[in-house]
S.K.: 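Structure incoming, see below.
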Amino acid sequence: MSAFYDHRTIEAKWQAYWEQHGIFHVTEDPSRPKYYCLEMFPYPSGRIHMGHVRVYAIGDVMARYKKMRGYNVLHPMGWDAFGLPAENAAIEKGVHPSTWTQENVAYMKGQLKRMGLSYDWSREINTSHPDYYRWNQWLFLKMYERGLAYRKRSAVNWCPSCETVLANEQVLTHEGDGAGVCWRCGTVVVQRELEQWFFRITAYADQLLDGCDRLTKWPARVLAMQRHWIGKSHGVEIDFPLAEPVGEYRAIRIFTTRPDTIYGATFMSLAPESPLVEALIQGRPEAEAVRAFVARTSRLDKAARLAADREKEGVFTGAYAVNPFTQERIPIWVANFVLYEYGTGAIMAVPAHDQRDFEFATKYGIPIRLVIQNPEGTLSEATLNAAYEAEEGILINSQQFSGLTVQAAQEAIGHYVEQQGWGRRTVNYRLRDWGISRQRYWGTPIPIIYCEVCGIVPVSEQDLPVRLPEHVPFTGRGGSPLQDVTEFVQTTCPRCGSPARRETDTMDTFVDSSWYFLRYCSPQATHAPVDEKAASYWMPVDQYVGGIEHAVLHLLYARFLTKVMRDLGLTTVDEPFVNLLTQGMVTKETYWCDEHRWMHPSEVVKTNGKLRCRHCQRLITVGRTEKMSKSKKNIASPEELSDRYGADTARLFSLFAAPPEKDLEWSDSGVEGCYRFLNRIWRLVMDMVPQCSVPHSSPDRSSTTPSANSTARVRALQRATHRTIKKVTNDLEHECQFNTAVAALMEFVNELYKILGEDKALSSPEEAEAARQAIHSLILMLAPFAPHLAEELWARAGQSPSVAGQCWPSFDPQLATSEEWIIPIQVNGKLRSKLIVPAGSSREEIIARARQDSKIAEWLQGREPRKIIYIETKLVNFVV
RNA sequence: GCGAGAGUGGCGGAACUGGCAGACGCGCGAGACUUAGGAUCUCGUGGGAGACCGUGGGGGUUCAAGUCCCCCCUCUCGCACCA
């Protein structure tokens, strides 16, 4: 018999079988519990990579396992098909984005099918299809009606390379210098003033924040990131009147979370972008210096300006404000560290109790006034060398509020401000509204018309979808290509019939992915984005799997849109994803040749234990293990892997090599180990088949109660079988510990080889039955991990397909236990011997036998133990 | 600086509520079968000659600590002048 099983034939055969028999096709079935298993859908970039293999293998194990547990499992797949790479391909190669996308989808779909994933392909969706994106437009209109979609002019993040706007969430921090860079291409983002469409996510800020408390099955760090992103803080807005009002400006409104420190305010700081700045300096001698400072500051991009270690700088405007509490005139400065977008874009500066203000005041010689004394009473203005920011202590120098604790003063002063009409207690968020306009072609057209008479007019619902025109010039320059398509732009007002033009911006593609999980419930629905009944059966997603990189992007937007759709009556769920698993990256060591730079593994040859460059024979430097990337060439190809070892091996290794949420280090020899394991199973089962081909009955307790004449071999088989079922079930059910589940299966196979011996002959019907159950259980447990091999073995064992539809084996706790206990015996906490006793032995029996143990007797030397610790089934410890 | 997480053999990684540290795999060593083996199978494999020593370091609690408590170090990720 061949040492290797024929994975090519077997995998193709069963993939065809699943497809022909619609094994994974599902419909709503109220009589069965549902399970919605979802992995983040891919962008059709061309080919799948190892990261895809990993995430889809993880999801597939869950889906297949739950199906075997009797759940009606929804496990869909689709394509996040709008996006820039398609448009760039059009610019570079002259291929239409639609063609490019469709070709990639076709190719990648073939790849996913060859992985043997249990998708219901009848539910496949493609966000670039008008049947999908019309519902983006429909949602936009509903949100527009409710004031949740609005247009405003504002400074926005602009990626000069992608030539489009980015949402705040889509600007990432560059590793080296902390600059803000585009999430997609890494180009440094600049600020631009533009008219944009926004989704009012801030209206849901509190719900999004409160919801975090109920997402108990999400990773803590994702929740921490979302909470921080929302950034809710309680404080007070206070108007500081201008000493000399200018025009309409009579006061500076500030936001503070520390109203208790207001008596310590010795100056004000404005953001350089504040329009107030220009008003205040009109006609003053300081005007030129201030303008120069503002110009210098705004030339820097935002991230560079806000780098934490950047020195605080500012300039005095010449103007003064009045502290309403003290009537004191305090100077108004412009400072580089004050953010125009946050709060009111102006602060009261309290150098004694805010480190930034302290540094600023020290630099410019502004007075520092202590108004909080620490509990020890050790602070003094003369010796202060850093701001005292702790919220512990007593107010001083604060008139009637002196003597109050910080907490009491915050309450009292907040109240007083409101009473005097100087301001109000309020809440501030870091979260900004979501800018969704993109100056690109390959996205959902925003369904808005600009009428010369009526102004902004939404497209009527019955006119949806607003289709993307097909013939468009792709020049790669100057904003959205849609602007140049006259037939698209020129239209008439749906309200008054006057000449009008269409909005030429398209929506951020994150809109598409913010509700696709709802669309899967009823992908063909024509009356609404989702059929309400279908959604009520399938939603929420029980298990969501995807990358951590979406912690605040996709996952926050999806939560937001779900709440919007709930308010539109489309779903009843508040939160879309119950369990979230964020899988780690796939990494691999890197190779560097001084001559040929980064090396692909195939360019490295091993001679005499040394790695050399295939081209120039130079010694290779092994670099650090990093995320697989084209630039570092530390890539393993899923296709080569599948060709050589098969999809089952690729899946198994992805699951076995590391726990799912941790990084997975790629190892070619580790892959081979998994391949060997599958072949070991193949040979084992093939040897046993002649003795196992009787109809399958689940290993329930009635047929397998150990009888007195059970041979040791029967018990060994039963014990191994049931212990493994218990372990694997527990790992899958509670922990998503695929790596230890696979390890348990390996252990099981090792044990079966040992028990069955070389000839694998069975000597009694009882033994044959125990062996049959062991083999059947093994195949069933293998099914979620290596589904093709499991199907083939199931069929060869004389069972009718499909193993994917079988029940998961159950275990009998009695059979899983051993008749013997192995008890470690310690003397003074150190292991000295081990005792084998019949299970159920009493404390007295065990201790008595332990004392008789020769090694223990030697250690005790006849002394009477001061204390004897006995833990049932675990250990005995003599303390002398 | 703030937040989250992690430090265990040569490597990836196991260890439930404190109870035999190192499961499983890789690698390595020995043997078997072989013309051959980079196939397969079997056995061995934390360190140390040993008493013993071993889970980043130092204290502590306990009969017993990878696990609990205190202090410290290192690394990874996220956020970072948010008033």
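Throughout, a chain's letter reflects where its sequence line sits, starting with A, and its residues are numbered from 1.
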S.K.: Step through it carefully: locate the ring centre of A:Tyr645, locate the ring centre of A:Phe653, and say whether they are under 6.0 Å apart.
M.R.: no

S.K.: Can you tell me which stems involve RNA chain B, if a stem is defined as three or more consecutive Watson-Crick or G-U wobble pairs, both distances under 3.5 Å?
M.R.: B:1-7 with B:73-79, B:10-12 with B:24-26, B:27-32 with B:40-45, B:56-60 with B:68-72

S.K.: Partners of A:Thr729 by side-chain contact (heavy atoms from CB on, under 4.5 Å), sequence neighbours excluded?
M.R.: A:Tyr65, A:Arg69, A:Ile725, A:Trp808

S.K.: Counting only side-chain heavy atoms from C-beta out, which of B:G19, B:A83, B:C79 sits nearest to A:Tyr342?
M.R.: B:A83

S.K.: Tell me which nucleotide among B:C82, B:C81, B:G12 gets nearest to the side chain of A:Glu665.
M.R.: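 Closest nucleotide to the A:Glu665 side chain: B:G12.
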
S.K.: Once each nucleotide of nucleotides 21-30 of chain B is scored for protein heavy atoms under 4.0 Å, what B/S/- sequence comes out, 5' to 3'?
M.R.: --BBSSS---

S.K.: Starting at OH of A:Tyr870, measure out to CG of A:Leu875 and round the result to the nearest 0.5 Å.
M.R.: 9.5 Å

S.K.: Of the nucleotides B:C16, B:G13, B:C81, which one has an atom closest to the side chain of A:Lys662?
M.R.: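 Nearest to the side chain of A:Lys662 among the choices is B:G13.
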
S.K.: Given B:G19, B:G13, B:A83, identify the nucleotide with an atom nearest to the side chain of A:Val338.
M.R.: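 Looking only at side-chain atoms, A:Val338 lies closest to B:A83.
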
S.K.: When we call it a touch if two heavy atoms are under 4.0 Å apart, what does A:Gln737 touch: a base, just sugar-phosphate, or nothing?
M.R.: sugar-phosphate

S.K.: Spell out protein contact along nucleotides 43-55 of chain B as letters: B when the base is contacted, S when just the sugar-phosphate is, - when no protein heavy atom is under 4.0 Å; keep the 5' to 3' order.
M.R.: ---------SS--

S.K.: Can you tell me which residue pairs pass the salt bridge (Lys or Arg N to Asp or Glu O under 4.0 Å) test with a partner in residues 221-230 of chain A, sequence neighbours excluded?
M.R.: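 Only A:Asp213-A:Arg227 qualify under salt bridge (Lys or Arg N to Asp or Glu O under 4.0 Å).
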
S.K.: Once salt bridge (Lys or Arg N to Asp or Glu O under 4.0 Å) is applied, what residue pairs with a partner in residues 342-356 of chain A remain, sequence neighbours excluded?
M.R.: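 Non-adjacent pairs meeting salt bridge (Lys or Arg N to Asp or Glu O under 4.0 Å): A:Asp354-A:Arg356.
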
